[in-house]
Amino acid sequence: MLEKTFQPAAIEPRIAAEWNKAQAFKAGRQSQAGGVNGAPYCIVIPPPNVTGSLHMGHALNNTLQDVLIRFERMRGKDVLWQPGTDHAGIATQMVVERELAKNKQPGRRELGREKFLEKVWAWKAESGGQIVHQLKRLGASCDWSRERFTMDEGLSKAVVKVFVELHKKGLIYKDKRLVNWDPKFQTAISDLEVIPTEVKGHLWHFRYPLKGITFNAEDSNTFIVVATTRPETMLGDTAVAVHPAEGPYKHLIGKTVVLPLVNRDIPIIGDDYADPEKGSGAVKITPAHDFNDFEVGKRHNLPQINVLDAFGKIAGTQTPYDGLDRFEARKRIVADFEAQGLLEKIEDHLHTVPHGDRSGVPVEPWLTEQWYCNAAELAKPAMAAVRDGRTEFVPKNWEKTYFEWMENIQPWCISRQLWWGHQIPAWYGPDGHFFVEASEADAAAAAKAHYKKDVALTRDPDVLDTWFSSALWPFSTLGWPDKTAELDRYYPTAVLVTGRDIIFFWVARMMMMGMHFMDGEVPFKKIAIHGLVLDEKGQKMSKSKGNVMDPLGLIDQYGADALRFTMAALSTQGRDMKLSTQRVEGYRNFATKLWNAARFAEMNECVRAKDFKPASIKEPINRWIAGETERAVNAVTNALEANRPNDAATAVYEFTWGIFCDWYLELIKSLLASEDEGEKQETRATVAWVLDQILKMLHPFMPFLTEELWAHMVEHGVARENLLCLSQWPTLDGLADPRIDDEIGFVVALISEIRSVRQEMNIPAGAKVPLVLVGADKALQDRCNRHEETIARMARLDGITFAKAVPKAAAVIVVGETTAAIPLAGLIDMAAEKKRLEKDIAANQSDIAKMDAKLENPNFVSRAKPEAIEEARERKAELEGQVKRLTAALKRLG
RNA sequence: GGGCAGUUAGCUCAGCGGUAGAGCGUCUCGUUUACACCGAGAUGGUCGGGGGUUCGAUCCCCUCACUGCCCACCA
């Protein structure tokens, strides 16, 4: 016997163990519907950071994938959901460094590279797998035997091969230019890892004295004013730019100023980068510390003077500021300008300052040598693939975002000055000449050929951007560069399910690498984009706001099924979703509802009948639910095929609760009590059959609950041969019958109206009043006779007794073609009932007038679709019938 | 500055040319062959504003307003 309520915590671990024991999720696993004989269907998981723990974004992302995976597995496809984790360069290095500091162990630099990396691997071995366990708790049906890690041997091999090949083709190269430098982690970062943050700052207006004229703070002819938000960079100024044609300074072009504090002569140049409207109209040019200035400097052949070290301290300026932190130097420099009368004014200034996404500190444009990837070139085929539909975004509008970025793509800085990651396969000879090769031995050979002798080589210490290895994920996890059977079978993958926030970071780069290395084959046929999970107020969840919802906490409290269903039901194509615990609670209730329906079935001995054929059901109510089941199955299937999990979830919810529980189980209670054994047995079998279909339809969304109930039914029938997750997805046809729908529809409508009138009229609970049918035709009388018992039973629940007499005074129920009446003399206020009827008549007449206007409109009649006209006519006739009956009822009231 | 979404019941959202829908909330009633994590009923909307197309617009087009997000720039 089932417990009274559903206890997820009690069953989830047991079910998970059963799946595991059966190796149910292994790629190529034979499912009841065909398994390995089916078409391949592969999804690669967006690899979570190995440092990560499950957050709402993961819960959403992986639920959506698992829904598709379980659905396709049940449909008999040969399913592979490829799991794994990402080494997450900076994030992991940070975590381990913090750990070392916490345990008062020697830091990274003290340990040295090799020892430190040992620590990271040790950390990974011990705590790195956490997120995988959490994904399992969510019910993710990945093929866990194939789990990969971006730094494992095979994937590292792929990374090296890609780097070497792209370098040989000139698509990876070394370049000295400005990069975004993170002074906290002392590494370069890519444009995407820079977060512009609005800060309240200042605009300092400095006087730069003109050379050859005695400086006089009162005389503006003796200096030029430049405005800056970053005073400390003035140490590296190599020019002042003014607009060549406009503004007050153009006459100064060609003159020289003496750079204060450093006493360097620098030219005043004309360049239309200088905007006369901005700041003071003249702008200091610091080519080594500003992206725009860098370009101006190149145009004018200006020297690039670097004034910062890797930590963001002033360095190499031969001034007293050397060694000061950049912000300390800023204060001192401003003070020194002021002391010398060179500070004209300070304005408050709101501006955006680039910050490192991991470090949170302002990044510096810094002149260094780095490795770059020619993304613009790789982007071309990646764009073409989307343009001609070989890869399709769902929803389509995200293609625009993709193109927008791809068309303006900049060189991708792929080197990082970190230790944790794939070390760049480049070796340097004594003169700095480098050799990019797959191994040290290859590099040595290349060096020998180059130098004509053996030389000592040093390997480039830098590692690659984490996203470099994740860009290879769809094929590297399948075994590339080896020609494996998996690669052959599962690439291109079916669909990539991912958040809109990593389209640039990840999706675009997978497209580029996939196209390039897989002979122009796309990595995935579809890209399904979902939004972010926001809190119930629509705000992004963040630790600082304290509004973070923990999926594991929700699983503990409401069960994984409830959380999953919530994720699927609230998901919208490509847009963000707001989540509240109330929703999760609601879907937990849904789980309990189904649980109790199964319990009801159990109590009534509704067991599966061998060779049960829904097409040969006799009892109309049972035939009706079979038809409704078919409709629900089709709705769910179509929605899942169309990548609309929310519609699928809604359809199965509505059917299970709104139709099966609310109506069918109520309507059959009299059948279950029937003396007629055949009728009773058929009903029991039908209940069991419908429940099976519900379990199947619901399984992708609520795998634990459904698997448990599926197994539980074993006690009452023939033992299940299969786990639910490996059984066949239902396909139903020919069960829906319009005549049956009409008949049961009438019963349902009649009962609804009885309830409505009874409550509206405020008939006291328990009052026994007879229900009669008035003016009904023969067909209707027959109908009522056929379902008399059911109607009477349902009416009785509402305190109404079914009877045959025609009374004088009655409340009137209009259902379709007929009128039922509840005689209520002495029980209700007749005047009020009269009023109600009058109101209804008026409302109907107003609707009739509307229909008349429509039908008399010659344009409507001539131009509307025939169905629309027919519908309008029917509607009008129906309304007129109602008015007739209501009027008759009114008369009857006297 | 460029781009993308969104604006429908108190809240969260479906619908998208032809009778305005669901869930939650609120109010009323109810312990009945599963379920109070329940059942029944009711309440609630000039579908952001203004134009246009159309016989007909919540739906298509234009425009404005507001909200959110992304990209770029900011001396």
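Chain naming here is simple, since letters A, B, ... match the order of the sequence lines and numbering starts at 1 in each.
Between A/Tyr273 and A/Glu404, the residue whose closest nucleotide on RNA chain B is further toward the 5' end is A/Glu404.
Between A/Phe337 and A/Phe206, the angle of the ring planes stays under 30°, which puts this pair in the parallel group of the 30/60° scheme. Using a 30° and 60° split on the angle between ring planes, A/Trp657 and A/Tyr653 fall in the tilted class, from 30° to 60°.
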Check: When every nucleotide of nucleotides 10-20 of chain B is labelled 5' to 3' by its protein contacts under 4.0 Å (heavy atoms), B for base, S for sugar-phosphate only, - for none, what sequence of letters results?
Finding: --BSSS--BB-
Check: In the 5'-to-3' direction, what one-character label does each nucleotide of nucleotides 31-41 of chain B receive under the scheme B = base within less than 4.0 Å of a protein heavy atom, S = sugar-phosphate only, - = no such atom?
Finding: -BBBBSBSSBS
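Base contact: A/Ala274 has a heavy atom under 4.0 Å from a base atom. As judged by a 4.0 angstrom heavy-atom cut-off over every strand, A/Thr228 is placed among residues touching the sugar-phosphate backbone only.
The CZ atom of A/Phe291 sits 16 Å away from the P atom of B/C71 (whole-angstrom rounding). Rounded to whole angstrom, the span from the NZ atom of A/Lys278 across to the P atom of B/G1 amounts to 13 Å. Distance, A/Arg500 CZ to B/G3 P: 19 Å, rounded to whole Å. Atom CZ of A/Phe565 and atom C1' of B/G23 are 11 Å apart (whole Å). For A/His351 and B/A72, the NE2 to P distance is 18 Å, given to the nearest whole Å. Put simply, CD on A/Glu407 is 13 Å from P on B/G3, counting in whole angstrom units. What separates CD of A/Glu856 from C1' of B/G56 is a distance of 16 Å, to the nearest Å. B/C73 atom P lies 17 Å from atom CG of A/Leu350, rounded to whole Å.
Here A/Lys284 does not pair with A/Asp293 in a salt bridge; the nearest charged N to carboxylate O distance is not below 4.0 Å. Taking a cutoff of 4.0 Å between a charged side-chain nitrogen and a carboxylate oxygen, A/Glu347 and A/Lys345 qualify as a salt bridge.
The nucleotide B/G48 finds its pairing partner in B/C64, both defining distances of the Watson-Crick or G-U wobble pair being shorter than 3.5 Å. Pairing for B/C69 goes to B/G3, judged as Watson-Crick or G-U wobble with the two contacts each under 3.5 Å. As the counterpart of B/U32, no nucleotide is assigned, since no Watson-Crick or G-U wobble pattern has both distances under 3.5 Å. Using the Watson-Crick or G-U wobble rule with both distances under 3.5 Å, B/A42 pairs with B/U26. Judged by Watson-Crick or G-U wobble contacts below 3.5 Å, the nucleotide B/U54 has no partner. In this structure, B/A75 makes no Watson-Crick or G-U wobble pair, since no nucleotide meets both defining distances under 3.5 angstrom.
The minimum heavy-atom distance linking A/Phe860 with A/Lys854 is given by the pair CD2-O, 3.2 Å. Counting all heavy atoms, side chain and backbone alike, A/Asn547 lies closest to A/Met541 at OD1-CA, 3.3 Å.
Using C1' as the reference atom, B/A5 and B/A9 are 23 Å apart when rounded to the nearest Å. The same atom, C1', is picked in B/U32 and in B/U12; the two are 33 Å apart, to the nearest Å. When the P atom is compared between B/C60 and B/C16, the two are found 10 Å apart, to the nearest whole Å. Here the separation of B/C47 from B/U8, taken at their C1' atoms, is 4 Å to the nearest Å. Comparing the same atom, C1', in B/G39 and in B/A34 gives a spacing of 12 Å after rounding to whole Å. Distance noted for atom C1' between B/A14 and B/C24: 14 Å (whole Å). Only the P atoms considered, B/C59 is 14 Å distant from B/G6, to the nearest whole Å. Nucleotides B/C11 and B/G25 have their C1' atoms positioned 7 Å apart, rounded to a whole Å.
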Note to self: Assess the residue pair A/Leu667 and A/Met794 against the criterion (side chain to side chain contact (heavy atoms under 4.5 Å, CB included)); give the C-alpha distance rounded to whole Å, side-chain angles, the decisive distance to 0.1 Å, and a yes or no.
What the structure shows: CA-CA 8 Å; A/Leu667 290 170; A/Met794 301 287 281; 4.2 Å; yes
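Defined by atom type and a distance below 3.5 Å, a donor-acceptor pair is present between the side-chain atoms of A/Thr286 and A/Asp237.
Taken from CZ in A/Phe590 to CZ in A/Phe6, the straight-line distance is 11.5 Å, to the nearest 0.5 Å.
With a 4.5 Å cut-off on side-chain heavy atoms, A/Val690 and A/Val687 do not count as touching. With contacts defined as side-chain heavy-atom distances shorter than 4.5 Å, the pair A/Leu534/A/Met577 does not qualify.
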